[in-house]
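We name chains A, B, ... by the order of the sequence lines, and we start the count at 1 in each one.
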2 protein chains.
Amino acid sequence: MKNESVVDNIDHRILSSLKKNSRISFADLGRIINLSPSAVRERIQKMEDTGIIKHYNLSLDYKLLGYTIEAFVLVKVFHGNLKALFMLINKLPEIKEAHRITGNQNVHLKVVLKDQLHLQDLIDKLMQYGDTTTFLILSDITPQET
Amino acid sequence: MKNESVVDNIDHRILSSLKKNSRISFADLGRIINLSPSAVRERIQKMEDTGIIKHYNLSLDYKLLGYTIEAFVLVKVFHGNLKALFMLINKLPEIKEAHRITGNQNVHLKVVLKDQLHLQDLIDKLMQYGDTTTFLILSDITPQET
DNA sequence: ATTGAAACCAGCAGGTA
DNA sequence: TACCTGCTGGTTTCAAT
């Protein structure tokens, strides 16, 4: 019997496996959690339909792809410039993540860049819409099991 | 002929498709980029082996899973407390991402929390190792095609 | 990079409790 | 509703080219 929560223990175990490797087959997943492939498939389908699972994505080593700089950029947007900044954000492929946040700054960006000149170009563009604060990323210390 | 870069145009198209849906089959990928499934598989295998592809992961809607707060937390670590903080970070499942950064603060965290009390507990723990600054996430405005 | 063959899996229908 | 089995066509994998 399933409890009344949106996801039960079995769903959590499915999500945990998919976090480790989102390309795992339904059959392998079923072997791990002791369920038939069909049952696994149905549970995953449901989580996709309800929106719990948003996306199956990929993490890349940007250093190996020739991008030497990764950074967080905070923007304290000038009054009335938020919409224009959103439009800029949508045009810049170097911006990998963007969030509206509370606090003295309004927008938080994660960016991936070829070199310092590329960073300078980006900051020049962002400066038109607000004051920027840049933190270069030195290393990723994210725990493995999240 | 392949150029001298670590990845050529075909690899880029493969990565682009995998970013959209990392569960796509080699066969479907082959149909998209006009290559046999085996060739696709070998290219992906190579990118996994070289480390360009780090991980196949999953993005979840944490709101639907009962986590009402997402936030960035910056920590200005007290002198000599960095290692101890790293150990704490590894023990806290609410920390989804962690990076060392340049600037006045030394560590950047992305966290997912049940409620305000949960946030308070986390800040209390982090405070032992440094001064914290918290930005609540209001909304995700990440562009679709990154 | 491709082909071909064996093993394997996804997807679906039909069935159980 | 949640799960299962069994079937069919498609997919993965590997060796040979």
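To the nearest angstrom, C1' of D:dT5 lies 13 Å from CD of A:E42. Atom CD1 of B:I44 is separated from atom C1' of D:dT12 by 12 Å (rounded to the nearest Å). Taking atom CD on A:E48 and atom P on C:dA10, their separation rounds to 13 Å, with Å as the unit. In this structure, A:N9 places its CG atom 12 Å from P of D:dC3, rounding to the nearest Å. Atom CG in B:D28 sits about 12 Å away from atom C1' in C:dA10, given to the nearest Å. Rounding to whole angstrom units, CD1 of residue B:I24 and C1' of C:dC9 are separated by 17 Å. Between A:R31 atom CZ and C:dA7 atom C1' there is a gap of 12 Å when expressed in whole angstrom units. Remark: P of D:dT1 and CG of A:D8 are 15 Å apart, rounded to the nearest angstrom.
Ion pairing between B:K54 and A:D61 fails under the 4.0 Å rule for side-chain N and carboxylate O.
Set against D:dT12, C:dA10, C:dT2, the side chain of B:A27 has D:dT12 as its closest nucleotide. Of all nucleotides listed (D:dT12, C:dG11, C:dC9), C:dG11 comes nearest to the side chain of A:F26.
Evaluated for a salt bridge (Lys or Arg N to Asp or Glu O under 4.0 Å) with B:D8, the options B:R43, B:K46, B:R13 yield exactly one hit, B:R43. Between A:L85 and the choices A:V77, A:L109, A:N106, the side chain to side chain contact (heavy atoms under 4.5 Å, CB included) rule is met once, by A:V77. Each of B:L15, B:L18, B:V7 was scored for a side chain to side chain contact (heavy atoms under 4.5 Å, CB included) with A:L60, with one residue passing: B:L15.
Regarding contacts with the backbone of C:dA1, every side-chain N or O of B:R41 stays at 4.0 angstrom or more from both OP1 and OP2. OP1 or OP2 of D:dT1 has not a single side-chain nitrogen or oxygen of A:R43 nearer than 4.0 Å. Residue A:K46 has a polar side-chain atom (N or O) positioned under 4.0 Å from OP1 or OP2 of D:dA2.
Side chain to side chain, A:N104 and A:K76 meet the donor-acceptor criterion of an N or O pair below 3.5 Å. Side-chain atoms of A:K19 and B:N57 form no donor-acceptor pair, as typed in the model, at a separation below 3.5 Å.
If you check every strand for non-hydrogen atoms under 4.0 Å, B:R23 touches nothing.
Panel note: side chain A:R23, backbone B:S22; a donor-acceptor pair is recorded below 3.5 Å.
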Any protein N or O atoms within reach of nucleotides 3-6 of chain C? Criterion: under 3.5 Å, listing atom names and distances.
{"unit_1": "C:dT3", "atom_1": "O4", "unit_2": "B:S38", "atom_2": "OG", "d": "3.1"}

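Within 6.0 Å of atom CZ in A:F78, more than 12 heavy atoms from other residues, nucleotides or ligands are found, so the atom counts as buried in its surroundings.
Axis angle between the ends of the helix from C:dA1-D:dT17 to C:dA17-D:dT1, five pairs each and rounded to 10 degrees, works out to 40°.
Note: A:F72 and B:H108 meet the aromatic proximity criterion, with ring centroids under 6.0 Å apart.
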